[in-house]
Amino acid sequence: TVCHWDDPRSTGALVEQALNSRNYIAAEQAVALLQRRDTELVFDEAVKLTQRDTTEEKQLGARILGKLGGPNGRFRSQAAPALIELLEDKSEFIISEAVRGLGSADSTTVEETINQLKNHPHGEVRRLVSFVLFGVDDHTSPEALVALSTAREGMVRLAATQALTSILN
């Protein structure tokens, strides 16, 4: 029996499936396989995807980089610059994916980058920022969460308030 994770398909074939499959489950399996492969080839391909023109390619690149190799992946710190660059994108989906990916980077990178986004105009980005900041064990996090708790969107306010409550209790 061949293990599902030992899929013999090339990185290019998995990227193609992730981008173009009409089958959602097959596309998500391709993404998971790419994220699990902690190789320079996958890292390089994901970085290239973040530099392409389409939202789908950039978003896929960010998804791969954000979880490449799991929590102890060899390329986690190297992925941060490509993810940070995506924070300048106009698409809230790409920015949100970059924030999600940065949430698992080292705490200094997370703190510096995420604090810059706490007043982002898109509610989903601020919601993710509140989530990421809650996971950073730093005294500035409650301050950022207070700022987020005054957001106009109810979900952002709720997430920040819940995080503050957990920190203070």
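In this chain, residues are counted from 1 in sequence order. Just so you know, these numbers come straight off a predicted model, no measurement behind them.
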If you measure from CD on E97 to CD1 on I95, what distance do you get to the nearest 0.5 Å?
-> 12.0 Å
Please confirm whether the backbone N or O of D38 pairs with a side-chain atom of R74, one donor and one acceptor, at under 3.5 Å?
-> yes
Contacts of Q78 that satisfy side chain to side chain donor-acceptor pair (under 3.5 Å) - sequence neighbours left out = none
Could you give all pairs that pass the ring pair (Phe, Tyr, Trp, His ring centres under 6.0 Å) test and reach residues 14-55, with sequence neighbours left out?
-> F43-F75
Pairs flagged by salt bridge (Lys or Arg N to Asp or Glu O under 4.0 Å) wherever residues 8-17 is involved - sequence neighbours left out | D7-R9
If every non-hydrogen atom of L86 is compared with every non-hydrogen atom of T50, which pair is closest and at what distance?
-> CD2-O, 3.5 Å
Enter the distance from L68:CG to Q35:CD here, rounded to the nearest 0.5 Å.
-> 8.0 Å
Enumerate the residue pairs fulfilling ring pair (Phe, Tyr, Trp, His ring centres under 6.0 Å) with a member in residues 52-71, sequence neighbours excluded, ordered by first and then second residue.
-> none
Any donor-acceptor N/O pair, Q17 side chain to A26 backbone, under 3.5 Å = yes
R52/E45 ion pair, N-O < 4.0 Å | yes
Compare every heavy atom of L14 with every heavy atom of A30, then report the nearest pair and how far apart it is.
-> CB-O, 3.4 Å
Spacing of R76 atom CZ and K67 atom NZ [to the nearest 0.5 Å] | 9.0 Å
From CD (Q59) to OG (S91), nearest 0.5 Å = 6.5 Å
What is the minimum heavy-atom distance between A62 and A98, and which atoms define it?
-> CB-N, 4.3 Å
List in chain and number order the residues that pass salt bridge (charged side-chain N to carboxylate O under 4.0 Å, His left out) with E28, two or more places apart in sequence or in another chain; answer none if no residue qualifies.
-> R63
Which atom of A18 lies closest to which atom of V31, heavy atoms considered | CB-CG2, 3.8 Å
Would you please name every residue forming a side chain to side chain contact (heavy atoms under 4.5 Å, CB included) with E56, sequence neighbours left out?
-> L19, T54
CD1 on I64 to CG on L34, rounded to 0.5 Å | 4.5 Å
For V47 and A82, which heavy atoms make the closest approach, and how far apart are they?
-> CG2-CB, 4.3 Å
Could you tell me which non-hydrogen atom of G101 sits nearest to which non-hydrogen atom of L83, and how far apart they are?
-> C-CD1, 3.8 Å
Evaluate the side-chain proximity of T11 to R37: yes if any heavy-atom separation is below 4.5 Å, no if none is.
-> yes
